[in-house]
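This report refers to the structure that appears directly beneath it.
The basis for the numbers below is simple: all heavy atoms, side chains too, and nothing from hydrogens, waters or symmetry mates. In the text below, chain A, chain B and the rest are named by the order of the sequence lines, each starting its count at 1. Just so you know, these numbers come straight off a predicted model, no measurement behind them.
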Protein chains: 2
Amino acid sequence: MTLTASELSAAVPVRRSRGRPRKTADERDDGNRRQDLLKAAARLFRIKGFAGTSTRDIATAAGMQAGSPFYHFENKEALLAAVMREGMQRAVVRQKAALEATTSAAAASHTTPSARQLLRTLVRNQFDVLLGPDSDFIPVMLYEWRYLSEEQRGEISSLKADYEAAWVPVLHTLHQEGALRGSLPISRLMIFGALNWSVQWYDPARAASGGASLDDLADNALLLFLHEPTSP
Amino acid sequence: MTLTASELSAAVPVRRSRGRPRKTADERDDGNRRQDLLKAAARLFRIKGFAGTSTRDIATAAGMQAGSPFYHFENKEALLAAVMREGMQRAVVRQKAALEATTSAAAASHTTPSARQLLRTLVRNQFDVLLGPDSDFIPVMLYEWRYLSEEQRGEISSLKADYEAAWVPVLHTLHQEGALRGSLPISRLMIFGALNWSVQWYDPARAASGGASLDDLADNALLLFLHEPTSP
DNA sequence: CCTACCGATCGGTAGG
DNA sequence: CCTACCGATCGGTAGG
């Protein structure tokens, strides 16, 4: 026995609005279904890894049939790359907004944010991107990098460079002030490691019941990394 | 056309000594073959991930036929757990030896190593375990954890607890001295993150041609994390 | 996007 | 440990 399309949409929980007429080619809501796929893929790739997730898992999670993801993406790798691209684009946008908010706040009192304040903003935003709501995309980028093809890496790398570029002048200033010790490039990588590793141990659910908040993490990171400025 | 066993050993590069008589059941060198499997598995799991590596890949890398790994290990997960167990056991042994060497060296000049010296030893050993020769095992443990079953996790976790136990009093002392800032458990996790993340970016090959050595990394880590002691 | 399908590969096993 | 094999699953596609 087989099910008709309408019987299927009664049996399977889908978010589609009820009674919508069969779509013509011109009104395909590619964007929505594509977004559903990306979200499902990000979540599964994060939990089970890229190689450990089947395209069927993803299709099911997005309420589709087994072959349907390939209507939206050429192959499984392209889906992974899209997850990473989407995650990095959002991260770059959010980082820019966070920095602007910090600068505006300082401007209101006719000052300019200190390098310390800017670092705090960057760190806090990083924790949000890694651990906050909708935070599956960036962990996938960090931990599933090896499954990208050479060309795909190039594309995502340039987004990553955008993101990291904002850190450079801030860390440079702190290094010159003596607040950041060690070799600048090495210390930078170690700081990123300290932040990115939080994906492995931080449990947002437990935070609600008395654990550390993302603000606490950011405060702790600055305390740990930044030294007293050398007196002038 | 099929090849006989002896034609195969001529065609395929194997390390077996030539002309050795066919083994009887009593002289199976299980230990050696098992070790070969573990080493091959560790290397492949690190490079391609657990789910991205087939048991055939591992068998081939160890010079065996497709089904042969299952003579040594019940299934693929058991092989992964064995890689991690082996890695952690070695890491614990090496850490103990490194700490004893540090204590002996201090004893030779009738002193006791400072918490700073002990941390430097722990950090330097950690980099060696992560990045030094034969360093595939621990990265696999760090990054393929999710593929372990519940019982397997328990077993490896207790080894991990052994390893981390050595850090606790050292970090505690430094925290009391004011050299380590922030919440002790959070700062500890951030430090581990900074070290463990090096697996993602450190290239031992480039170190030979002018890059940072493992000693440089350890020095840098201490500079970054440890503050001037508060004057008494 | 679904239906129906394919070839390839995978983890694992029986028997020697 | 090898030989020979199996059932299941996987990424992907043709046609509508």
Side-chain angles (χ1 to χ4, degrees), chain A residues 1-9 11-12 14-16 20-37 40-41 44-45 48-60 62-80 147 149, chain B residues 1-9 11-12 14-16 20-37 40-41 44-45 48-60 62-80 147 149:
Chain A
M1 169 203 172
T2 49
L3 296 175
T4 65
S6 59
E7 281 168 333
L8 259 180
S9 46
V12 177
V14 272
R15 276 154 249 148
R16 243 177 267 153
R20 189 201 292 179
R22 183 172 281 276
K23 300 167 242 176
T24 71
D26 282 338
E27 59 182 18
R28 269 196 218 121
D29 47 354
D30 284 347
N32 285 329
R33 304 304 285 139
R34 199 187 128 99
Q35 284 301 318
D36 290 346
L37 269 177
L44 289 169
F45 287 160
K48 319 207 303 173
F50 174 74
T53 303
S54 71
T55 56
R56 280 165 169 80
D57 289 340
I58 299 168
T60 301
M64 292 178 185
Q65 296 303 314
S68 301
F70 301 101
Y71 171 76
H72 296 278
F73 298 92
E74 197 183 339
N75 52 39
K76 195 185 174 188
E77 281 74 26
L79 181 46
L80 176 65
Y147 298 106
S149 73
Chain B
M1 168 203 174
T2 49
L3 295 175
T4 66
S6 58
E7 280 168 332
L8 260 182
S9 46
V12 177
V14 271
R15 276 154 250 149
R16 242 176 270 157
R20 189 202 292 180
R22 181 174 285 275
K23 300 167 245 176
T24 70
D26 281 339
E27 60 181 21
R28 268 196 221 124
D29 45 357
D30 283 347
N32 285 330
R33 305 303 286 140
R34 198 188 130 99
Q35 283 301 319
D36 291 345
L37 269 176
L44 289 169
F45 287 160
K48 320 206 303 170
F50 173 75
T53 302
S54 71
T55 55
R56 280 164 167 81
D57 289 341
I58 299 168
T60 301
M64 293 178 186
Q65 297 302 316
S68 300
F70 300 101
Y71 170 76
H72 295 278
F73 297 94
E74 196 183 340
N75 53 38
K76 195 185 175 189
E77 280 74 24
L79 181 47
L80 176 65
Y147 297 106
S149 73

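A heavy-atom distance below 4.5 Å is found between the side chains of B:E77 and B:F50. With contacts defined as side-chain heavy-atom distances shorter than 4.5 Å, the pair B:L37/B:M64 qualifies.
Of the listed nucleotides (C:dG11, C:dC1, D:dC2), C:dC1 has the atom at the smallest distance from the side chain of A:M64. The B:F70 side chain lies nearest to C:dG11 when the options are D:dT13, D:dC1, C:dG11.
A distance-only check finds a donor-acceptor pair linking the side chain of B:R33 to the backbone of B:A62 [under 3.5 Å]. The backbone N or O of A:F73 lies less than 3.5 Å from no partner atom in the side chain of A:R34, so there is not a single donor-acceptor pair. Formation of a donor-acceptor pair under 3.5 Å by the B:Y147 side chain with backbone atoms of B:G49 is not found in this model.
Regarding B:K76, its NZ atom lies at a distance of 17 Å from the C1' atom of C:dT13, rounded to whole Å. When rounded to the nearest whole Å, the span between OH of B:Y147 and C1' of C:dC10 equals 15 Å. Atom C1' of nucleotide D:dT9 and atom CG of A:D57 are separated by 11 Å, given to the nearest angstrom. What separates CG of B:N75 from C1' of C:dC10 is a distance of 14 Å, to the nearest Å. Between the P atom of C:dC2 and the CG atom of A:L37 lies a distance of 10 Å, rounded to the nearest Å. Between the CZ atom of B:F73 and the P atom of D:dC1 there is a distance of 11 Å, rounded to whole Å. B:E74 has its CD atom 13 Å from the C1' atom of C:dG11, to the nearest Å. The distance from atom NE2 of A:H72 to atom C1' of C:dC2 is 12 Å, rounded to the nearest whole Å.
To the nearest 0.5 Å, atom OG of residue B:S68 and atom CZ of residue B:R56 are 11.0 Å apart. From B:L79, atom CG reaches atom OG1 of B:T53 across 10.0 Å, with rounding to the nearest 0.5 Å.
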Exercise for review: Give the dot-bracket string for DNA chain C, reading 5' to 3', where a pair is Watson-Crick or G-U wobble with both distances under 3.5 Å, ( ) marks pairs inside the strand, [ ] marks pairs crossing earlier ones, | marks a partner on another strand, and . marks unpaired.
Suggested key: ||||||||||||||||
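Both B:S68 and A:E77 sit near DNA chain D, but only B:S68 has its closest nucleotide nearer the 5' end.
OP1 or OP2 of C:dT3 lies within a sub-4.0 Å distance of a side-chain N or O belonging to A:Q65. Considering only side-chain N and O atoms, B:R56 lies nowhere under 4.0 angstrom from the phosphate OP1 or OP2 of C:dT9.
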